Amino acid sequence: MTISITASSTPATSRLFYDIAGALRWLNYGAELAYDLKGVGARHADVIWQLLVEAVEVIDKTPDQEQRWLTSGTRSGWKSPGLSRADLVDLERIRFLSALKPFDHDVNRLLPQGDDEDRALGVLEWMRWVNAAKSGGKLSRAAIALARGGDNEIVQRIYCPGRKPNRQNVREVKVRTVGFIMTGLRVDLGIVRGEGISFRRS
C-alpha cells in the first residue's frame with residue numbers, strides 16, 4: 001500500500017500518515033522477529049511483544065552520553081518557545097523513557113543504529129495506550145520490567161503486590177499490554193491484523 005501526502009495536507013494529517021507508515025514498517029519488522037523466534041507458531045501478539053522487548057534492549061544499549069540525555073528528567077527545554085508540535089511530541093517520547101534503567105557501563109555491547117533507535121522510540125510511544133488504561137502506570141512499569149527479562153517475582157511485585165504468586169499474574173501483564181497496544185493501533189491509526197502475522201490498514 002502506498003501512502004502519499006499532498007501539499008494541501010494539514011500538519012495533523014501529515015503527522016498521522018507519518019505515524020501510520022512508521023507503525024506498519026515496524027510491525028513488518030516485528031513479524032520477522034516473531035517468526036524467527038516461534039516459526040509458524042507465531043501470533044500477532046508475539047509481533048507486538050517482540051517489538052517491545054527489542055525496543056527496551058535498544059534503549060538499554062544506548063551509549064553513556066545519549067543514555068544520560070534520555071534518562072534525565074530535568075531538561076530545561078521541554079517547553080521552550082518556538083518548538084513545533086512534532087518537536088514536543090518527540091521530546092515527550094524521550095521523557096517517557098525516563099523510567100528505563102540507567103546505563104550500566106558495559107562497553108562491550110553492540111551499539112544500536114539510528115533506525116533501531118527511531119523504531120525503539122516509536123514502539124515505546126505505543127505504551128501511551130497502556131498508560132491511559134485503569135492502573136496503566138503499574139501495568140506499563142511491569143511490562144517494561146518483563147520485556148527487560150525481569151523474573152516473575154519482580155514483575156508481580158510491581159503489578160499486583162497483594163496477590164499470591166502465580167504465573168497467570170505475569171501472563172496477564174503481557175496479554176493486557178499487547179491488547180491495549182493493538183486497540184490503540186486500531187482506533188488511533190486504523191491498523192488491524194492481516195493474514196498470518198501481518199498487519200494492514202483497515
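Quick caveat, the model's predicted, so the values are computed rather than measured. Counting begins at 1 with the first residue of the sequence. Just so you know, these numbers use all the heavy atoms, side chains as well, and skip hydrogens, waters and symmetry mates.
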For the backbone of [Y] and the side chain of [X], can you confirm whether one donor and one acceptor N or O come within less than 3.5 Å of each other?
X: H44; Y: A31; result: no
X: R43; Y: G41; result: yes
X: E54; Y: G30; result: no
X: Q156; Y: K164; result: yes

Could you check V192, L27, L24 and say which one makes a side chain to side chain contact (heavy atoms under 4.5 Å, CB included) with L185?
-> L27
So, for [X] and [Y], which heavy atoms are closest and what is the spacing to 0.1 Å?
X: I191; Y: I20; result: CD1-O, 4.1 Å
X: I197; Y: A34; result: CD1-CB, 4.4 Å
X: A55; Y: L124; result: CB-CG, 4.0 Å
X: A133; Y: F180; result: CB-CZ, 3.4 Å
X: A45; Y: M182; result: N-CE, 3.5 Å
X: Y159; Y: A142; result: CB-CB, 3.7 Å

Working to the nearest 0.5 Å, report the span between [atom1] of [X] and [atom2] of [Y].
X: N131; Y: L139; atom1: CG; atom2: CG; answer: 8.5 Å
X: L146; Y: R141; atom1: CG; atom2: CZ; answer: 15.0 Å
X: D19; Y: E125; atom1: CG; atom2: CD; answer: 6.5 Å
X: D188; Y: L16; atom1: CG; atom2: CG; answer: 9.0 Å
X: I59; Y: L121; atom1: CD1; atom2: CG; answer: 4.5 Å
X: Q50; Y: Y29; atom1: CD; atom2: OH; answer: 10.0 Å

Would you please classify the geometry between the W126 ring and the W26 ring as parallel, tilted or perpendicular, with 30° and 60° separating the classes?
-> tilted
In terms of hydrophobic clustering (I, L, V, M, F, W, Y; side-chain heavy atoms under 4.5 Å; direct or indirect links), are [X] and [Y] co-clustered?
X: I158; Y: M127; answer: no
X: V47; Y: L189; answer: yes
X: V187; Y: I48; answer: no
X: I181; Y: V123; answer: yes
X: I144; Y: I154; answer: no

Output, in order, the C-alpha distance, side-chain angles, deciding distance and verdict of side chain to side chain contact (heavy atoms under 4.5 Å, CB included) for L37 and D46.
-> CA-CA 9 Å; L37 182 68; D46 298 314; over 6 Å; no
Between D116 and R119, does at least one N-O distance fall below 4.0 Å, as a salt bridge requires?
-> yes
Answer yes or no: are there more than 12 heavy-atom neighbours, outside R163 itself, under 6.0 Å from its atom CZ?
-> yes
Count the heavy atoms belonging to other residues, nucleotides or ligands that lie under 6.0 Å from CZ of R193, then report whether that count exceeds 12.
-> no
